[in-house]
Amino acid sequence: MGPFLLTFLYFIIAIVVVIIGLFVFESLTKKYKDWDEIKNGNHAVALSIGGKIIGICIILAFSVYHSVKLSDTLIWGAFGVLLQMIAYLLFEVFTRKFSVEEQLHKGNIAVGIVTFCVSVGLAFVIGASIT
């Protein structure tokens, strides 16, 4: 398979995995709809979603570096989405003083930045573990 075709196929896989990941994350938020909040200018939610997108793509990039087959990248992408989802839920559990979801809905930029950092930071750890 030529490099241009392979790049295009990885590109398609990335789009599919990110869209599925965003759908999964959207289903986790009960108090609001991510894209409605972004449309209305909620920077905190935009940061949170942006971190998830970058986090998923970082995991996919590591997968491309270390995979032999396209299917490996798809599998690692799905696993990365699952781990990012778990991280988000754990972050919500460990912030006992406030609800992350509620603060994002209120537009709390500080919480948006921290959720962005959690997603991106953990993506590097997950990605680095791919062999």
Side-chain angles (χ1 to χ4, degrees):
M1 198 175 306
F4 291 107
L5 179 58
L6 199 56
T7 299
F8 180 73
L9 292 174
Y10 280 123
F11 172 76
I12 296 299
I13 287 172
I15 289 171
V16 168
V17 170
V18 167
I19 289 171
I20 290 169
L22 291 176
F23 177 77
V24 168
F25 289 121
E26 177 89 27
S27 69
L28 289 177
T29 54
K30 305 289 188 238
K31 298 182 188 292
Y32 60 88
K33 294 294 180 199
D34 295 331
W35 296 106
D36 290 344
E37 290 297 314
I38 291 169
K39 179 182 173 193
N40 292 326
N42 187 326
H43 296 120
V45 171
L47 281 165
S48 181
I49 295 301
K52 289 174 180 75
I53 292 169
I54 292 170
I56 292 167
C57 289
I58 288 168
I59 294 166
L60 288 169
F62 275 98
S63 175
V64 170
Y65 296 146
H66 297 288
S67 296
V68 177
K69 298 181 284 187
L70 286 167
S71 60
D72 292 344
T73 299
L74 192 57
I75 291 166
W76 277 110
F79 189 57
V81 168
L82 174 67
L83 292 177
Q84 289 277 6
M85 182 182 71
I86 291 169
Y88 180 81
L89 294 172
L90 287 174
F91 183 52
E92 181 74 57
V93 168
F94 291 136
T95 54
R96 294 193 164 281
K97 293 190 179 210
F98 61 86
S99 164
V100 172
E101 184 177 344
E102 190 174 294
Q103 291 302 309
L104 289 172
H105 182 56
K106 289 180 179 179
N108 186 329
I109 299 291
V111 174
I113 291 169
V114 173
T115 59
F116 178 94
C117 293
V118 167
S119 293
V120 172
L122 288 175
F124 279 110
V125 173
I126 295 163
S129 71
I130 297 173
T131 56

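Remember, predicted model here, so these are calculated numbers, not experimental data. Throughout, residue positions are numbered sequentially from 1 according to the sequence presented.
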Minimum heavy-atom distance [X]-[Y], with the two atoms named:
X    : Y    : answer
S119 : G51  : CB-O, 3.3 Å
K31  : H105 : O-CE1, 4.0 Å
S63  : D72  : OG-O, 3.7 Å
E101 : Y32  : O-CE2, 3.3 Å
D34  : V45  : O-CG1, 3.8 Å

Can you classify the ring geometry of F79 versus W76 as parallel (below 30°), tilted (30 to 60°) or perpendicular (above 60°)?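 Judged by the thresholds at 30° and 60°, the geometry between F79 and W76 is perpendicular.
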To the nearest 0.5 angstrom, please state how far the [atom1] atom of [X] sits from the [atom2] atom of [Y].
X   : Y   : atom1 : atom2 : answer
T73 : I13 : OG1   : CD1   : 5.5 Å
L74 : I12 : CG    : CD1   : 12.5 Å
F62 : I59 : CZ    : CD1   : 9.5 Å
I53 : Q84 : CD1   : CD    : 11.5 Å

Is there any side chain to side chain donor-acceptor pair (under 3.5 Å) pair reaching into residues 86-99, and which pairs are they, with sequence neighbours excluded?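 Qualifying pairs, neighbours excluded: E92-S99.
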Shared hydrophobic cluster, [X] / [Y] (ILVMFWY, side-chain heavy atoms < 4.5 Å):
X    : Y    : answer
L89  : V120 : yes
L6   : I75  : no
V18  : L82  : yes
F11  : L9   : yes
L104 : F23  : no

Examine the side chains of T29 and K33 and answer whether a donor and an acceptor come within less than 3.5 Å of each other.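 Not at all, the side chains of T29 and K33 share no donor-acceptor pair under 3.5 Å.
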Tell me, do [X] and [Y] make a side-chain contact under 4.5 Å, heavy atoms counted?
X    : Y    : answer
L60  : Y10  : no
I20  : V81  : no
D36  : N42  : no
C117 : I113 : yes
I130 : Y65  : no
I38  : W35  : yes

V111 pairs by side-chain contact (heavy atoms from CB on, under 4.5 Å) with which of T115, I109, V114?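 For V111, the side-chain contact (heavy atoms from CB on, under 4.5 Å) test succeeds with only one of T115, I109, V114, which is T115.
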A44 backbone acceptor or donor facing S48 side chain under 3.5 Å: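 No, S48 side chain to A44 backbone: no donor-acceptor pair under 3.5 Å.
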Crowded around F98 CZ? As in, over 12 foreign heavy atoms under 6.0 Å?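 For F98, atom CZ is crowded (more than 12 foreign heavy atoms under 6.0 Å).
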